[in-house]
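The block underneath contains the structure these notes are about, expressed in structure tokens.
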Amino acid sequence: MAKRIEAVGVTAYYGTFKAIEDITMTIEPRSVTALIGPSGCGKSTFLRSINRMHEVLPGARVEGRLTLDGNDIYERNVDVTAVRRNIGMVFQRPNPFPTMSIFDNVVAGLKLNGVRKKSLLDDAAEKALKSANLWDEVKNRLGKPGAGLSGGQQQRLCIARTIAVQPAVVLMDEPCSALDPISTGAIEDLIFELKNEYTIIIVTHNMQQAARVSDRTAFFSISQTGDPGRLIEHDVTSKIFTNPREKRTEDYITGRFG
Amino acid sequence: MNPPSLPGSTQSAEPPEREQSPWGPERRLPESTPAADAATTRAQEARVPVDLGRRKSLNGEKLFRWLTTGSGAAVLVIIVAIAVFLIAKAIPAIQGDKVNFLTEKTWQVPDRVFGVAALAFGTVYTAVIALIIAVPVALGIALCLSHYAHRTVATTLGFVIDLLAAVPSIVFGLWGREYLIDPVRDLSAWLHKYFGWIPIFGSDGPYGKSILLGSLVLAIMILPIITALSREVFQQTPKMNEEAALALGATKWEMIRTAVLPYGRPGLIAATILGLGRALGETIALAMTLGGTFVISWDVVEVGGNTIAANIANHFGEADDFGRGALIASGLVLFAITLVVNVTARVIIYRRREFRSAL
């Protein structure tokens, strides 16, 4: 299930503005990789390049090579929707579909894939909600609107919706930044469980979070405003946080900058 | 329907249990200390009178409040005044009618035989046909403007469509009866030839001023309002919901079906009903493009068709006092139809409230 992602010389633009430059890194399957760095350093842009959500914005484009288990996801005849089905994404703010019930939210991706059989949808919804540690809280109100849940529950609902289509990779763009510490803890526990099945890449501003949940950490930074973001250092999390190779990484994680 | 319960509200609703406070029930205020005494004294010394100003008896706040309340009340007064006027003028005419006003189809006021049955049917039927033509087109234009067209194209096209709303209805009527009538004749013949087995295209001619012509003109007239409103609601779809759909592997059309259309549905219904309201009340364009008959027929291509408003426009000039009363009575029926349509729209929109409130 889980797959390896390789980025070679990835550069992303918004129109003429170069947001990230020459990112090269390998992300191993069944691991959690945290992307950290100051605001505007391009970690979210890099994340959105991985499932081709970057190009949704007008004028945005990506150069370089990004592969999923060796398959170039930017090749010309690749189906974008297939890429996104294989590489799911959880967003910064919980975004369940407001007009849909909890159940319909979870199975939205399956329905897009043409799954119509009620029994299949029921099983998939239960499995996804259980994996997202949400089943016990919502099993008696699956028909109620997803937007009626608390922020933390909504985010777990979004995670359930993402993993219901059984992607190989799950991208998370600051998934806890809109949540309280208890909900954050629940999501972090969940990430720890999910890495047994998925490759997880998480963008976070919270360095304790990166240290808690990730196996490897990538530090992004910019030299000054207007410059493209670059990958400064990518290593095992414990090494990044105790004995970083780069001075800039050390400055950032010790709070001297950023 | 219950509003969605706020998470966590059940816990916070319980009164805090005093007995379990960490200090126990016998907790007292801290013993007075020199430091605490000094603080109290300072607080007393500091109690200098503060000028908090006085409430003015007549201020802008109050004035504005009365203005807005007055405006709101004026709407009610106007509606009631119109209803009273219609009823007062209509009663003598209905009493003078030899037949049942609601079930009679013909309009022979000098013989005291008249009724709204055919007119009311024609009003609703013409409007519904116009909606069936206009709504899909308006939806397509609105989606094109909000999600497909390049921004400059969308702005220009949106402007042109708004311009359509500025054309006076008499101009539409003239255009319909002088120009559009010929293509509609051909279209009617074509529809009859290939779809004549469907009763609504059953007539074998002659073709001309028909429900089809009237509805087409009407459809063009209500297109701008439906388009403008639907585009507005489509544009308001939260970006994060669109991205959620795309990230699940939706194509653009699937994204629109998953995120945009469900979000815009209540607005779409409201836009349709507004268009229907305009279609029901449209007068002069229909007076000029419908045949003006007094029969109930589902056939859209035959010469014929009539509506309450068109009939009023056609007959008001020549009517005597009693005849005007009769026309006003038909106006009362139109008023009632419009009311029912609007209430239905409200019910449809509010039924989805459980999901709306979560937005």
Might you point out which heavy atoms bring [X] and [Y] nearest each other, and give the distance in Å?
X	Y	result
B:Gly249	A:Thr81	O-CB, 3.2 Å
A:Pro94	B:Met240	O-CE, 3.9 Å
A:Arg85	B:Leu248	CG-O, 3.7 Å
B:Ala247	A:Met89	CB-CB, 4.0 Å

B:Thr258 OG1 to A:Asp104 CG distance, which is reported to the nearest 0.5 Å: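 Answer for the OG1-CG pair, B:Thr258 versus A:Asp104, is 11.0 Å.
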Distance in Å, B:Lys239 NZ paired with A:Asn95 CG, rounded so as to fall on 0.5 Å steps: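 Result: 13.0 Å between the selected atoms.
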A:Pro96, part contacting chain B, at a heavy-atom distance under 4.5 Å: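 Answer is backbone: N, CA, C or O of A:Pro96 sit under 4.5 Å from chain B.
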Contact origin within A:Arg52 toward chain B - heavy atom pairs under 4.5 Å: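 For A:Arg52, there is no contact with chain B at all, as no heavy atom is under 4.5 Å.
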Test: A:Arg93 and B:Glu243 ion pair at under 4.0 Å: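 Answer for the salt bridge query: no.
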Within 6.0 angstrom of B:Arg151 CZ, more than 12 heavy atoms from elsewhere: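 No - once you tally the heavy atoms of other residues, nucleotides and ligands closer than 6.0 Å, there are 12 at most.
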B:Arg65 atom CZ, neighbour heavy-atom count above 12 within 6.0 Å: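 Atom CZ in B:Arg65 is not crowded, with 12 or fewer foreign heavy atoms closer than 6.0 Å.
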Under 3.5 Å: donor-acceptor pair, side chain of B:Asn241, backbone of A:Phe97: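 Flag not set: sc B:Asn241 to bb A:Phe97 has no pair under 3.5 Å.
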Sub-4.5 Å side-chain heavy-atom contact between A:Thr99 and B:Arg265: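 Counting from C-beta outward, A:Thr99 and B:Arg265 never come under 4.5 Å.
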Option that, when pairs with chain B are counted at under 4.5 Å, heavy atom only, ranks first among A:Leu112, A:Asn86, A:Val165, A:Val56: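 Heavy-atom pair counts peak at A:Leu112.
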